[in-house]
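Structure first, then comments.
Below, read A as the first sequence line, B as the second, and so on, with proteins coming before strands; counting in each chain starts at 1. Since the model is a prediction, treat every value here as computed from it, not as a measurement.
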Amino acid sequence: MAKHHVTTTVNRQPVELLCDTSETLLDVLRDELGLTGSKEGCGSGDCGACSVLMDGRLVCACLVLAVEATGHEITTIEGIAEGNTLHPIQQQFLEDAALQCGICTPGFVVAAKALLDRNPDPTETEVRFWLAGNLCRCTGYDKIVRAVLTAAAKMREEAVHG
Amino acid sequence: MATVILQAAFARRYTDGQTQLDCAASNYAALVTALEARFPGFSRSLDSGMAVAIDGEIYQTPLLEPIGPDSEVHFLPLIGGG
Amino acid sequence: MGNEKEALKAGIEQGTYKWVGTRPIRPDGADKVTGRAAFGADLDLPGMVTGTVLRSPHAHARIRSIDTSAARALPGVLAVVTGADFPELPNEVAAGGEAPINFRHISENVIARAKVLYDGHAVAAVAATSAEIAAEALSRIKVDYEVLPHVIDVLDAMREDAPVLHEGLITNGVEPAPTKASNIAGRVEFAMGDVAQGFAEAEIIIERSYTTAAVHQGYIEPHACVASVTADGAATIWCSSQGQFMVREFCSKVLSMDIGNIRVTPAEIGGGFGGKTTVYLEPLAVALAQRSGRPVHMVMTRSEVFRASGPTSGTHVHIKLGAKRDGSFVAGEMELKYQAGAFPGSPAFLGGMTGFSCYEIPHAKAVCWDVVSNRPKCAAYRAPGAPMASFGVESAIDELAQQLNMDPLELRLKNAAKTGTRTIYGPKFLEIGYAETLQAAKAHPHWSAPLGPNQGRGIASGFWFNIGGQSSAAVHVNENGSVSVVTGNPDIGGSRASMAIMAAEVLGMDLDQVKPVIGDTGQIAYSFLTGGSRVTFATGMAVVQAAENVVEQLRQRAAKLWKIDVEHVIWRDGAAHCTKADEAARAPLSLAEIAHQAGRTGGPISGGVSINAAGAGPGFGTHICDVEVDPETGGVKVLRYTAIQDVGRAIHPSYVEGQLQGGAVQGIGWALNEEYVYDAKGRLQNAGFLDYRMPVCSDLPMIDTVLVEVPNPAHPYGVRGVGEVPIVPPLAAVANAVSRAAGLRMTDLPLSPPRLLAAIDGAKAAG
């Protein structure tokens, strides 16, 4: 069966690749492009460990077929930091110890960015419901939620005072 | 004399039902030797995986841990964890 | 204050702690938040091929034959293995290990032999050049099964007429031994005093049965490994596990390979909680790598994780608790029946050892039954065996408090275990901090906050021994005075940070100059696995001793450079200071300065230590939970949760708080929603995260924590293990809260909405 030719943008870089019909975006990110930061926790869109942004919209890469990426802009965890300058969300996760094993962390960082991009001042409840699609088994979510709220406050402050 | 205290089921099987024994031994290995001499087959019980507690301190892989004249010794199953 | 006498003996002067108790950013943090950290599935080696597993669709069946010829003939298939390709091991428990292990059972669980014993049991494995070809190959393997009747529930498995899993299994621990095989693998009994006498003296007795369902550790990262075997027979394994030395040992046993011929590199691990303290894929990957001559990459799907790794036991717990009217406990008896899964080895005996251990009870007895049944072989899950027994005991205490009209916290205080309290398993407690957790609970605003309609508050306590064990550490001084700290324990919860903190504390140096490294089995001496709440305690102890060893060498080098006797050199604030009266004007020599001259003064400076750490301090926790019950749906909302624990000393408080929060939430899930659901054929119905319902962010409030510190005298910084205790109290804390909110005693977990609603409606109907 002939492969499909996909032209897309990943983390602001143009990308061309060949894939099978059945391959997911997660498969090609990890296996073709070597971007292993997005993780497969379940393959069925229930755990959020493969969270990426597609034109700024939060999606599970395991639920997107690779062929669907054509013509879209994909942002993965590898594209969140600016070079070696961490995004405020990433920095806050470190300061607040919002990770233990770290396997869910890429998914949470991407999901949190998607939230703060559209709602810079969420309540705790809004944060919890937005992140309900990301499973964490180590932390009980407490420090993750606190880190997101604190990062949001710092980002609002930065936006006002520059 | 150190006091060795055993669970009832264990004692029924290996020490003729005696749950409390006095034993002169300066370390764990000597204690096991002495108990084996008194109750042949006793050391076989340890092969299934037993730890020892000496004066409240639990040792999972004991050999020559010291035992004092007033020590209390217990045998208990090995404890793992998750 | 540090262990100053010991420190001074080592020639180290310390004031208040510089790093212990602070909250620096973890050394591996940048990689983890940017997706750079390499977990088990992330490794890509040249020539790597895909391994995949054919699994039984039956809960119980005899394998009449397996025909792999069509699979082998498929282009792209490089190797196929079945049970016949693995050595037969003796049916015996291996002595001399840290826990009694029957490697024949481990091997038969990794790949089936004559029978399959659960839905998901591995039957064959294939290595192929692509995942598609591997999947196609599996579909071409013909297995002829003779399906047998199956049994899953623990009580059903104990019945006289139950289908028997192992024809030769005779119950251990029953005298006289039974003549017929059964599913009852073993009976263990603990006792102290005389329970008959105790109950005769009791003025009030609570007696109930409780049940818990099989639950999974729920780590987000599926099992994953890469194995490579070279032409000279040397195997290399990269895998996510809780212990690279354990993987090496287990593979050497299952494959009858020389342990020295296997090297295991730990990948980062995406959660374990005890579920990764054994092997599933690794021996299969090595066997396929041996035959294909290629590195073989194997990852479990989420469905495979649920069906074929090691959920903990579903249980039946019977509790009888006797007390005086003033609340003093006089007698406690429990009978525990735990599912072991397909092979013997449930943690029932640990439930018996822990269930009553928070209390002084003069007469106590625990009978613990280990029962096999047709579900996956259970693996450890955080304080294995303890949560279920405690669920029963702590619920019974709550009911006793209600009947005596006593505050359940006061009732526990009245009977609290303390230094010198005898345990049911024999020894008396040394220094413990249980009562302190109760006092902290009493003083906490949560305890006295008001409750509204349909709301209830539960309190429960829990205990875990914590272990020490074998650990190794090496501290190497680099030419610029920075330091590597090498240990052999995978970092599952932030332990790298604690190792760096302890080394920096001893050396008195800047924390960011300390680089922790986790070595593979060829790079660091033997270390027992990461689990049992042992790493900060035992590996930390090895790190401290290795750092002290380095300090001794630094003092010697300074003495040489100063041409004075080493007894006049003291180590303080990361530098050597001269204490000789007539030479006191000498400027201190920094670590960097001494390191720079290492070659001249004797060579590289490094210290390696291997220990078998004893003196692990037991841990106690008390949790308070508020819930609101919806009487129309049976839904439960957790409104507020506080976890209080004696942690000895928190090296990095954020990661200690994290253990309390994570364990509590696992317990909340265990109490409210998680369970294995089987169909009439014994096949798992909810092998995914949608229907195996773990707590999500929106289910929970913040989890408040209180770290009580009663230092453990056996550790240089007073550390007690903390990781496992937090999962012990929540089952009863939640159930007690729900019981009080609903006005009903809930005894069967999980308290999922259909169950709770049925109980509420049933009570209404009864009037």
For the interface with chain A, which of C:Q217, C:M702, C:E657, C:Q666 has the highest count of heavy-atom pairs at distances below 4.5 Å?
C:M702
Quick one: what part of A:E40 sits under 4.5 Å from any heavy atom of chain C, side chain, backbone, both or neither?
backbone
Distance in Å, C:L43 CG paired with A:T36 OG1, rounded so as to fall on 0.5 Å steps
9.5 Å
What residue, out of A:N134, A:L94, A:I89, has the most heavy-atom pairs lying under 4.5 Å from chain C?
A:L94
Heavy atoms only, distances under 4.5 angstrom: which of C:S303, C:A38, C:G270, C:A131 has the most pairs with chain A? Name it, please.
C:G270
Reported CZ-to-CG distance for the pair C:F689 and A:L135, which is rounded to 0.5 angstrom
5.5 Å
So, the part of C:T301 with a heavy atom under 4.5 Å from chain A: the answer is neither
Interatomic distance, A:Q100 atom CD to C:S654 atom OG [nearest 0.5 angstrom]
10.5 Å
Rounded to the nearest 0.5 angstrom, the SG-CE distance for A:C136 and C:M694 is 8.5 Å
Salt bridge C:R23-A:E95, side-chain N to carboxylate O under 4.0 Å
no
Given that the side chain runs from C-beta out, which part of A:L86 has a heavy atom under 4.5 Å from chain C: side chain, backbone, both or neither?
side chain
Student check: side-chain heavy atoms of C:T34 and A:I80 closer than 4.5 Å:
no
Quick one, A:R128 and C:L700 - any side-chain contact, counting heavy atoms below 4.5 Å?
yes
Under a 4.5 Å heavy-atom cut-off, does chain A meet the side chain of C:A664, its backbone, both or neither?
neither
More than 12 non-hydrogen atoms from neighbouring residues, nucleotides or ligands closer than 6.0 Å to CD on A:E73, yes or no?
no
Would you mind checking which part of A:D31 comes under 4.5 Å of any heavy atom in chain C, side chain (CB onward), backbone (N, CA, C, O), both or neither?
neither
Any side-chain heavy-atom pair of C:R26 and A:L99 under 4.5 Å:
yes
Less than 4.5 Å apart, side chain to side chain, heavy atoms only: is that true for C:Q661 and A:T139?
no
Who wins among C:V33, C:I492, C:D44, C:V665 for the most heavy-atom pairs under 4.5 Å with chain A?
C:V33
Residue A:F93 versus chain C: region with a heavy atom under 4.5 Å:
side chain
Salt-bridge contact A:R30-C:D42 (side-chain N to carboxylate O under 4.0 Å):
yes
First locate atom SG of A:C101, then atom CD1 of C:I220, and finally report the distance between them rounded to the nearest 0.5 Å.
8.0 Å
At a 4.5 Å cut-off on heavy atoms, which part of C:I703 comes close to chain A: side chain, backbone, both, or neither?
both
Tell me whether A:R156 at atom CZ has more than 12 heavy atoms from other residues, nucleotides or ligands lying less than 6.0 Å away.
yes
Measure A:S44 against the heavy atoms of chain C and call it side chain, backbone, both or neither at under 4.5 Å.
neither
Given that the side chain runs from C-beta out, which part of C:P24 has a heavy atom under 4.5 Å from chain A: side chain, backbone, both or neither?
neither
Counting heavy-atom pairs closer than 4.5 Å to chain C, which one of A:G41, A:G79, A:G102 comes out on top?
A:G41
Chain A contact via C:F273 - which portion, at a heavy-atom distance below 4.5 Å
side chain
List the steps, then state whether side-chain contact (heavy atoms from CB on, under 4.5 Å) holds for A:V145 with C:C697.
CA-CA 8 Å; A:V145 173; C:C697 207; 3.5 Å; yes
Is the closest side-chain heavy-atom distance between A:E78 and C:R36 below 4.5 Å?
no
Give a yes or no answer on whether the side chain of A:Y141 reaches the backbone of C:P695 with a donor-acceptor pair at less than 3.5 Å.
yes
Report the distance from atom CD of C:E221 to atom CZ of A:R137, rounding to the nearest 0.5 Å.
15.0 Å
Give the member of C:G688, C:G663, C:S495, C:G218 that has the highest number of heavy-atom pairs under 4.5 Å with chain A.
C:G218
If you count heavy-atom pairs within less than 4.5 Å of chain C, which of A:P106, A:G37, A:C138 leads?
A:C138
